[in-house]
Protein chains: 2
Amino acid sequence: MRGELIAIGTELLMGETVDTNSAYLAQRLPAMGVEVRFVNVVGDQIEDLVEIFERGLSRSDLIITTGGLGPTDDDLTREAIARVFGEKIETDPDLLHSLQDFFRNRGTVMPPSNAKQAALIPSSRVLSNSRGTAPGWWVEKNGRVIVALPGVPLEMEHMWVNEVTPLLRGVANSSVIMTRTFKTFGLSESAVGETVEGLFGDRNPYLGIYARPDGIQLRLIAKGATEREALGLLAPAEAQIIKALESNIWGVDDETLEDRVANMLSERGLTVAVMESCTGGLLSSSITDVPGSSAFFQGGVVSYTENSKIQNGVDPEIIKSHGVVSASVVESMAESVRTSFGSDLGVGITGVAGPDPVGEVAPGNFYIGIAWAGGVSSTHHWVPPNRSIVKRRAVVSALIDMCNYLKTRPVG
Amino acid sequence: MRGELIAIGTELLMGETVDTNSAYLAQRLPAMGVEVRFVNVVGDQIEDLVEIFERGLSRSDLIITTGGLGPTDDDLTREAIARVFGEKIETDPDLLHSLQDFFRNRGTVMPPSNAKQAALIPSSRVLSNSRGTAPGWWVEKNGRVIVALPGVPLEMEHMWVNEVTPLLRGVANSSVIMTRTFKTFGLSESAVGETVEGLFGDRNPYLGIYARPDGIQLRLIAKGATEREALGLLAPAEAQIIKALESNIWGVDDETLEDRVANMLSERGLTVAVMESCTGGLLSSSITDVPGSSAFFQGGVVSYTENSKIQNGVDPEIIKSHGVVSASVVESMAESVRTSFGSDLGVGITGVAGPDPVGEVAPGNFYIGIAWAGGVSSTHHWVPPNRSIVKRRAVVSALIDMCNYLKTRPVG
């Protein structure tokens, strides 16, 4: 089934908001048997909306829109769908009633403008929105389906999961696309490419190789008449990739490096504390992005000044003789924070985010240190001296070093 | 001049990568006199690309593409442009030479596949790429302009600034759009709307009001024959908005809350240190996103456990009698971190990011504390209990509370 997405809103066209809804849907549609070929972004103008819908209906079986379902005059998605199908919009008494209930339950009276959200056309049915006031539409006509979803990501995602996917399973049954992503580190894009080259054909499954901030990713895409058939095509290719790259694969599909570290720490019953300088708290923040991280994360120190490093246990003599951005200092940071928080592992980061150098050390240089009961080690890295790149890459490097160290520890 | 954007790449259609290039360009085109009416995302398939280009040429004066300029078989942007204009692609000897130089300067030999990037058609001219191997194209034909830029954001942005804007000024001179964004806090969207309602007409300048995580934003958009005329239309409306909302406006245009806090601290010669719990280091990380923050940021503690709060100076009796997520504890955190880092201000955050409650306190609740030489204060907040929302909103609240406090301190 051929699909396309339309993100609606002048704020998207002005670049004020980045359209993340389309990426969310695009990731999920292939597994439902929908091949997404076009994504459109259009403003709140009725002529432009009608043009996009007409174009979409001429080339796609399914159109999913996000946005333009609010109560104000510039919310025109319903109006545009009614026009392209030549149908008349009417207020649905039941829907109006449930909207009024929504406001009543929140202790207020529905503003008159919200009555617009109770509109339907004969070919549309309601997709209910338990998280907001904008109901969605499921419209089927002339062998085409239009699904209109709200623009607020939390509302849209909830409606997608609970309302759209059951209906879509009923119409999109021609073929299913299944994917598997492998995330690696320690290899270049060309090294990964050469390793897997010729392992299997290049059509189905299709293999894509992408460079990402957290390493090289391989994505397998298989298309079959059923989920079973698509998975059957994936399986042998997956096995070959795992065999060829096993020691470099750290995660599969949605898994993040933070998840991986969290799992490895939990499996080994280990705790961690961190002392970070140039990353300014971003490593702690990334680790605590994982729900349940309080079980293993003992805490952190952002030692942004020399003084605060000394106050938190780093020997001033080490700073004096090696410089504050050095392997010796980062190892001392890791050991000090491990001791002061009483954790199994200590992690340190020191470096130069820029734009100015620190002493003799140029922006882009950073060190990662890991301390444990039996010792300490460190690594040195250099990345392009852009402040946000240095911060992000230093955090990724620290997480990768943590994975590498944790691999050497027995599970359980 | 009517413009549209085309982001090219199957990884965008699969939702693997979010298209941020289009937002970058969409923000900058109106000031060049280009009204962006459509943004398209399309995969690496030649038929789909040709269809999108034909459609674009039928409705827009200017098309800007990003992506599809690499050396591999699935990089088809050049091919598609050649087809829609019915021109033949040929290798340009000068361009080939400069590509070979690019590789030679990096100590390697150009792989044969990169020769593809030295291609031109008769109507195209080169946009040079000092940051990568993919040159861009500027194509003018039949009163239409197509600009093809690389997909890597750093390369694209550099080419936009240095190569595209000078050429675009020569063709896009019909009208200029200027904008001004005001960022506020402390008011609801409807309160802002009512305050500015009827202050001026609703066409030119046009006023948009948007809810953002860091408060309500007002965006003025004015269109004039010249930059001077557009600015002349903006000025009186700006003055009225400032008059009506002055005490609630914290920033203009690209300014972030972090920038604002950094400026206010610097102007007052004050330093700060933070102790944060549920935000896990994100407040420290946000403060240190600002270049030069080492001048005022003394450091931070991520006190993720009760123990680490006590170890960092919070009285265990206060935790016992008030609970770890409370106004008393957050004030003690702010005072303790101020003392231990010897800073002028101390900031504390404690709360429940979720998904589980902490004691009796439900996810979504958090407290912000600010301590200074003369005292301490705190605020309580509740937001929807989604882990990443709680973290982000707590950081925004802390920055806003810091602004509010700093306003009471004299500058200099």
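Computed from a predicted structure; not experimentally measured. Naming: A, B, ... by sequence-line order, numbering from 1 per chain.
Atom OG1 of B:Thr66 and atom CG of B:Leu12 lie 7.5 Å apart (nearest 0.5 Å). Taking NZ from A:Lys223 and OH from A:Tyr206, the interatomic distance works out to 13.5 Å, rounded to the nearest 0.5 Å. Here the straight-line distance linking atom CZ of B:Phe53 with atom CD1 of B:Ile8 works out to 4.5 Å at 0.5 Å rounding.
When each of A:Gln217, A:Arg59, A:Gln311, A:Arg219 is scored by its heavy-atom pairs under 4.5 Å with chain B, the top score falls to A:Arg219. The most heavy-atom pairs under 4.5 Å with chain B, out of A:Ala23, A:Ala26, A:Ser303, A:Gly300, come from A:Gly300. Contact count versus chain B (heavy atoms, under 4.5 Å) is highest, among A:Gly281, A:Ser340, A:Ser285, A:Ser277, for A:Ser285. Among A:Gly299, A:Gly43, A:Pro291, the residue with the largest count of heavy-atom pairs under 4.5 Å with chain B is A:Pro291. Contact tally against chain A (heavy-atom pairs below 4.5 Å) for B:Asp74, B:Leu13, B:Leu5, B:Val36: the top residue is B:Leu13. Counting heavy-atom pairs closer than 4.5 Å to chain A, the top-ranked of the candidates B:Gln298, B:Glu4, B:Glu51 is B:Glu51. In terms of heavy-atom pairs under 4.5 Å with chain A, the best-connected choice from B:Pro355, B:Ser294, B:Ala353, B:Gly292 is B:Ser294. Annotation: maximal heavy-atom pairing with chain A below 4.5 Å, among B:Gln45, B:Arg387, B:Arg28, B:Glu35, occurs at B:Arg387. Between chain B and the options A:Ile177, A:Asp48, A:Thr305, the largest number of non-hydrogen pairs under 4.5 Å is found for A:Asp48. Highest contact tally toward chain A, considering only B:Tyr24, B:Phe297, B:Tyr304, is held by B:Tyr304 [criterion: heavy-atom pairs under 4.5 Å]. For the set B:Thr10, B:Ile287, B:Val301, the entry with the most heavy-atom pairs within less than 4.5 Å of chain A is B:Val301.
Counting all heavy atoms, side chain and backbone alike, A:Cys278 lies closest to A:Gly351 at CB-O, 3.3 Å. Among all heavy-atom pairs drawn from B:Thr279 and B:Ala394, the shortest one is CG2-CB, 3.5 Å.
At most 12 heavy atoms of other shown residues, nucleotides or ligands fall within 6.0 angstrom of atom CG in B:Asp254.
In this structure A:Ser336 satisfies the side chain to side chain contact (heavy atoms under 4.5 Å, CB included) test together with A:Met275, A:Val314, A:Ser332, sequence neighbours excluded.
A:Thr256 has its side chain within reach of A:Asp259: a pair of non-hydrogen atoms, C-beta onward, lies under 4.5 Å apart. Between A:Val274 and A:Phe341, every side-chain heavy-atom pair lies at or beyond the 4.5 Å cut-off. At least one side-chain heavy atom of B:Ile209 sits less than 4.5 Å from a side-chain heavy atom of B:Ile216. Taking 4.5 Å as the limit, some side-chain heavy atom of A:Arg180 sits within range of a side-chain heavy atom of A:Asp253.
For chain A, no part of B:Leu25 is nearby; none of its heavy atoms comes within less than 4.5 Å. Residue contact with chain A, scored on non-hydrogen atoms closer than 4.5 Å, is absent for B:Asp356. Contacts between A:Asp19 and chain B at a heavy-atom distance below 4.5 Å involve the backbone alone (N, CA, C, O). Heavy-atom distances place the backbone of B:Val290, and not its side chain, under 4.5 Å from chain A. For a residue to count as touching a neighbouring chain, one of its non-hydrogen atoms must lie under 4.5 Å from one of that chain's; by this rule B:Ile6 does not touch chain A. For a residue to count as touching a neighbouring chain, one of its non-hydrogen atoms must lie under 4.5 Å from one of that chain's; by this rule B:Leu154 touches chain A with the side chain only. Only the side chain of A:Ile221 comes within less than 4.5 Å of a heavy atom in chain B; its backbone stays farther off. There is no contact between A:Leu49 and chain B, counting heavy-atom distances below 4.5 Å.
Identified under the salt bridge (charged side-chain N to carboxylate O under 4.0 Å, His left out) test for residues 271-290 of chain A, with sequence neighbours left out: A:Asp289-B:Lys391.
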